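Before any comments, here is the structure.
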Amino acid sequence: MSGNLRSSKTTSKSPKTSPKKQKGDKAKRSSKGKRKQLDKKDEVDLSMEGIGHPEIFPLVFTTKTQEIFNCRVDEDVTEENCFKLIKKEDIIQDLKTRAAISDFHPVKRVILEYPGEELLVVFDANFQYGQNFYLVASEEAKENFLKPPDTAEEKEEKSEEEKERTLEVHACKRSVHKPWVSLGSEKEVEEESVKGYATKIKYMFSRARGKFGAPIGFTDRNASHVKDSYVECTSYQDKTFSIKLLERDVGIQMVPKVKEASTQTKWTYPKNAATQYSSRQLSYEELEESLSSEKLKEFVTSVHLRMEVALQQNEIMNAFFDDWKALAEDESSSGDKSDVYLQAYQSFTDPDYLKDRSISCVRWHPIIHGIIAESATQRYSDEERINPSDKLLLQDSVIIFWSFSDPTRPQLILECPHDIYCFQFSPSDPNIIAGGCFNGQLVLWDISKNEERLQNAKSITVGVKKSVVNMDGASVANPLENNDTSEPSYMEDDENDTEPPLVRYCACSSIECSHKTVITDIHWLPDHFEVNRMGITFENRAEICVQLVTCSPDCLILFWDIRVTKTPSKPLFEKAKEKKIFDMPPGVPDTFKHLALSWKPLLKINLCKSDTRMEYSPIKICLLEQHHHYKILDKAQSMNKQKALAKEKPYAKMSVPSKKPLKALESISNNFFVGTKDGEIIYSDWKIKIDSNSGKPVSKKPSHKYFIHDEAVNTVQISPFFKDIVLSVGGWNFAIWKEGVTDGPILESSCMTQRYTTGHWSLTRPGVFFIGRDDGNIEIWDLLKKTHEPAHFQNISESTITCISPWIASSKQQFLAVSDDSGVLHVLEICPILSQSSSNEQANVLDYFEREVKYLKNYEKYQEFQAKERTEKEQTQMEKTSVATKQKTKIDGGARKCR
């Protein structure tokens, strides 16, 4: 600091000008107005001219001034970096704004007369001039502060280097030109050079003269669809590089060696012989003598190591494993493409109930063999549904039950208050069915009185029965047998009657408390837990499914409880009045009589977007606790279980929930996946939180959202083999998700040419799933064979595929139910290659998913690295540009000075 001051004293001559010049300046100042003269009298001379530094003016900078000009002590300026350049315009603006309050007011005249654009302010940490800052009021002193001159030692070093350079220049000898002597190198260069011997191919492109200058329009098209749109360059044999083989005639003759030999055996007459032996019994003395003998000890010692190795091998591998059988399984699973097929087995349609209707949902009966149910909806636009006509009101809304034994006549028909979009059998009692209507109501049926009719319909298929088929909502189902001794109602028909029985619904939700639009998905909660009004999971002591969850595009997900809710006591006349209102029609079971006209949801979840006030429109929901393993039980075990559980009727014993405190289950996952109408995949939690501002319970906002599908999501389904793997289908692609991976799907297909309408996992092969398209085809994907395209596809119908539902009939026979938009239900038999999995297929698929997760994480890291590298390059380029601009400015300034 002191060195800079001394140098500025010696070099800066602008303050100490000549006396004549000072007099001229005084004359100029005296010529200004009186107001300026008054200002000069008020200003105080703060320069350090008395100590030899007239260009320095000490100043006191308050905290406010330091913040305005970004010269805060120990932050912007320090004792090592004490310089700060401030624009003259900013200081003048501060003088105008703050006037006399400004810290620059004492040196206002110096600032206004300063010739440069930037003034140098120095932080005086040692208070050398009495204040915390001082102002440098001359350009020459500012340059000396910022760039101090070289010292005497540096000047001497530079002069010595220049002398050495001059000596080296004088010492260099002048080059002498000599003629070039060839030593043969040009021949080597010519031999090593590459020369083109083949003649070049010339192409000429021509165009009609009338089209010169015409506008050109480019379009995209598939090269395989147009003939001669591309040329295939096939390989051919080049005669230039062919090697000629020399041929010669050689004769070879082989003569086998001949050897004569004879053999004679002695033949004996056969005779019958028998042998009988008895076990040898040793006495106690003989046993003791044998065990203590040296021969036995030597034998045990000799075979000890071999026996230990054999025991270890038995622990490591299964000695009884049939390698030939496993090899045959692997060969059958990797068959030819011609072996992969879906064979037509049966088809169902009805001209009365299914005419001009589209099948919306298909479900197999969980325990009765060969029974399948379907619901149909009218093909009307949204405007026609909002303003229904008489034709729409007169249409019958039903759920139809079909049997393999009679494909021409329905076995049972369920009456519905409105068109049913989705329905589910209860896992605890398949006689209880829940369905979602187009008007947002939830409906329950009880078909226990018609179960015997369905069981007597003999199926044409034989084999073992399956204990669990419903992937979307089933734990192990309880088969029920109809032992009801009550009197028959009008719904029970004779066997000879051609009309199927019509079953009326026994419970329906309140319209005011139901969904505002169509219920697009419905699930039964498993029987091992239940949910309260705050979304907390507790143990289910009844061990039957008593709660449902539904979703709708009205942005709501509702939880329902079918048990009796305890209400405060009412007067007798009100009870009698309600009894008349709630009396069930004749023949309708009173299982859910307590829900009539008063069924309300237990829990409401509103899916709100986190960034705006808008809401999501859920179409499909997938609960992560809806994961169950599928078991194939033989016929005897299934019938024994059916007889054991037939007497129990779980829903007939439902009562008011107990007041005893239930045990909260922390291990139950509260998370779920949702597919929306806009093609989004949402990952959220159904627990309710208390708003800190209003104190009211509100739904949690989704933790993650992804934009994957271009249109509404029509399938969100968990894998039957992996609890954390979910398949989503919508628009023109599908995606596979893994819970816990927040970077996106682990597998996403490319956009296809046809729109996907539905999808379903295979029940027996972990890496296989089926996808329906709007052109009537079904794609079969096998992740162990191909991941970029389907392994097989097959045409099923000319209409759009609406639903896909597989069913295991036996260990060697599986069916696939496929419905279309024209009201036809197709039942296809799945080939063994698609139904029978190999021994290690599940492990291979799991390994594939883990590899995809690792690849996704590495890809995210690579993207972050690329973004960081791109940012660094941009910063480097900006720095280079700024340096070049400064250098150009300095050069232009030097050129002006030279002029």
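Position 1 is the first residue of the sequence, and the numbers go up from there. Owing to the predicted nature of the structure, the values given are computational and were not obtained by experimental measurement.
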| message | His369 vs Trp807, test: ring pair (Phe, Tyr, Trp, His ring centres under 6.0 Å). Steps then yes/no. | response | CA-CA 10 Å; His369 200 70; Trp807 178 56; 4.9 Å; yes
State whether the side chain of [X] and the backbone N or O of [Y] hold a donor-acceptor pair below 3.5 Å, judged by distance alone.
X	Y	value
Ser699	Asn606	yes
Trp364	Ser805	yes
Asn714	Tyr756	yes
Lys620	Thr520	yes
Arg453	Leu412	no
Asp774	Thr800	no
Asn450	Leu454	no
Ser617	Lys677	no
Asn532	Gly535	yes

| field | Audit row: His365, Phe425, ring pair (Phe, Tyr, Trp, His ring centres under 6.0 Å) steps and yes/no | value | CA-CA 8 Å; His365 198 285; Phe425 289 92; 5.2 Å; yes
Any idea which heavy atoms bring [X] and [Y] closest together, and the distance?
X	Y	value
Pro410	Ile400	CB-CG2, 3.5 Å
Ile830	Phe815	CD1-O, 3.9 Å
Gly759	Val729	CA-CG2, 4.3 Å
Val443	Cys508	CG2-SG, 4.1 Å

| request: Please report the C-alpha distance between Glu539 and His528 in whole Å, then the side-chain angles of each, then the deciding distance to 0.1 Å, and finally whether the side-chain hydrogen bond (donor to acceptor under 3.5 Å, both in side chains) criterion is met. | output: CA-CA 6 Å; Glu539 60 177 344; His528 59 276; over 6 Å; no
I'd like to know if the side chain of [X] pairs up with that of [Y] as donor and acceptor (distance under 3.5 Å, no hydrogens or angles considered).
X	Y	answer
Ser509	Ser514	yes
Ser426	Ser428	no
Gln424	His523	no
Asp820	Ser797	yes
Asp554	His515	yes
Ser360	Ser375	yes
Ser358	Asp821	yes
Ser510	Glu512	yes
Thr517	Ser552	yes
Ser397	Asp419	yes
Gln814	Thr764	yes

| said: Do the side chains of Asp561 and Arg563 get close enough for a salt bridge, i.e. N-O under 4.0 angstrom? | reply: yes
| remark: Hits for side-chain contact (heavy atoms from CB on, under 4.5 Å) against Ile359, two or more places apart or cross-chain, chain-then-number order -> Val362, Glu374, Thr802, Ser819, Leu825
[X]: partners by ring-ring contact (aromatic ring centres under 6.0 Å, His included), with sequence neighbours left out:
X	result
Phe673	Tyr683
Phe348	Trp402
Trp737	Tyr706
Tyr421	Phe438

| said: Under the criterion ring pair (Phe, Tyr, Trp, His ring centres under 6.0 Å), I'd like the reasoning laid out for Phe529 against Phe538: C-alpha separation, chi angles, the key distance, then a yes or no. | reply: CA-CA 6 Å; Phe529 74 91; Phe538 293 92; over 10 Å; no
| field | Criterion side-chain hydrogen bond (donor to acceptor under 3.5 Å, both in side chains) on Gln378 and Asp356, from CA distance to verdict | value | CA-CA 7 Å; Gln378 286 288 343; Asp356 298 331; over 6 Å; no
| message | Go through it in stages, so that I can follow the logic: the residues are Phe423 and Trp445, the test is ring pair (Phe, Tyr, Trp, His ring centres under 6.0 Å), and I'd like the CA-CA distance, side-chain angles, deciding distance and then a yes or no. | response | CA-CA 10 Å; Phe423 66 94; Trp445 291 270; 7.8 Å; no
| message | Counting only heavy atoms from other residues, nucleotides and ligands, does the tally under 6.0 Å from CD1 of Ile511 exceed 12? | response | no
| task | Run the ring-centre check on Tyr505 versus Phe592 and record whether the distance is less than 6.0 Å. | result | no
| request: Please identify each residue that fulfils salt bridge (charged side-chain N to carboxylate O under 4.0 Å, His left out) with Glu739, with sequence neighbours left out. | output: none
| request: Measure the shortest side-chain to side-chain distance between Thr715 and Thr757 over non-hydrogen atoms and say whether it is less than 4.5 angstrom. | output: no
